[in-house]
Amino acid sequence: LRDGVDPFAPPKPSDFATSIQPFAGGPAGLLAELTHRCPLQCPYCSNPLELEKSNVELTAAQWGETFRQAAAIGALQLHLSGGEPTARRDLEEILAAAVEAGLYTNLVTSAVLLTRERLERLAGIGLDHVQVSIQDIVPESADRISAYDGGVPKKRDVARWTRELGMGLTINAPMHRQNIAHLPQIIDFAVEVDAQRIEIAHIQYYAWAQVNRAALIPTREIFMETVGIVEDAKKRLQGVLNFDFVIHDHYATRPKQCTGGWGRSIMAVTPSGKALPCHAAQTLPGLTFDDVRERALGDIWRNGAAFNAYRGTDWMKEPCRSCERREIDYGGCRCQAFAVTGDAAATDPACHLSPDHARFAAWAETESIAAPPPFVYRRYGGAPQGA
Ligand code: SF4
Ligand code: FES
């Protein structure tokens, strides 16, 4: 904890009081996508279908300036993400700038490129927390989902080293029909490696996950089983492991407050320096994104066109406009609304009040009982690959 703030706790409405009104307060968190390069090819990757090349990536000095500005406008947490952030050879320099800026630092990693020596160096610089993503815990399945061989033992090592080196540890496990049967073992793994927190997140269907939706979507019955497994584990592991469970939108009745509400608590920056109100915002049409090298971060946050496009409630249509929950969930996810309805200002179809909700749920019911098609893997520097 820094200044008594747990950066990984789910947001409370009071957290937004300073950042929503006015937006003079900055984002609470910055998601820095240091690179889109990644040795894995997860078929649900949230990176855009068109990945940015390494020759357009911000330099360590440019990231450092971005972090200083973020801290100056109130950001507390920094998520060093990607792609795979450890693919940056200058990660140490980037991290040092973040520590110098006074940010709580979280490395979001697949772990497969990390050695103990490098992790020790990062810990020595001041890294606070590591989030290790796992594709599955059964090696053959994990290898197939990530299109990368031998990841599971590496993740186990990195998770253990993280705790031995005194850093916080979260295990992040995206859930879908091809790993969901192993959820109990995934929870056991988190306990075994002494994680403090596990994030069990049913997939959000935009970007690569939308391409692979039919291969990923579970049946309603299986989704409901995961709810029971997580509820039981929460009771059994109280005081041992904290759970963050993201439910499956197709089987929900109400949407999530995506990214804490558009332009209210998070800013994402792409490898080339585009500032986004949510990491998938580039899937939406008609938005232009400011470059952090060309415009001050505070100005982008307060006045940037993309940040104001769906901020607050003025942009809403019915049924959100007159709904009593409009300042609780802010109409749900803009990216999902656009992906399903073609209208980024529509009500998130996860909401039972959305006119598209029945169609949205029916897709899931139909696709989830058919045989899964082969994955279309994300591929850096080339066309998508099937397998
Ligand atoms: Fe939220 Fe809109 Fe649904 Fe109301 S109608 S619950 S504001 S998504
Ligand atoms: Fe973009 Fe939800 S992922 S608003």
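Counting starts at 1 for both ligands and their atoms, in listed order. Nothing here was measured: the structure is a model prediction, and the numbers come from that model.
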Given Arg378, Glu52, His279, the one that forms side-chain hydrogen bond (donor to acceptor under 3.5 Å, both in side chains) with Asn47: Arg378

Do the charged groups of [X] and [Y] touch, with an N to O distance under 4.0 Å?
| X | Y | result |
| --- | --- | --- |
| Glu192 | Arg156 | yes |
| Arg118 | Glu120 | no |
| Asp348 | Lys256 | no |

Evaluate the ring planes of Phe245 and Phe223, with Trp represented by its six-membered ring, and classify them as parallel (under 30°), tilted (30 to 60°) or perpendicular (over 60°). parallel

Check the angle between the aromatic planes of His250 and Phe360 and answer parallel, tilted or perpendicular using the 30° and 60° thresholds. parallel

Greater than 12 external heavy atoms within 6.0 Å of Glu318's CD: yes

Is any side-chain heavy atom of Arg116 less than 4.5 Å from a side-chain heavy atom of Leu165? yes

Ignoring water, what protein N, O or S atoms are under 2.8 Å from atom 1 (Fe) of ligand 1? Asp329 OD1, Asp329 OD2

Rounded distance [0.5 Å steps], CD1 in Ile229 versus CZ in Arg236: 10.0 Å

Starting from atom 1 (Fe) of ligand 2, count all protein N, O or S atoms within a radius below 2.8 Å. 2

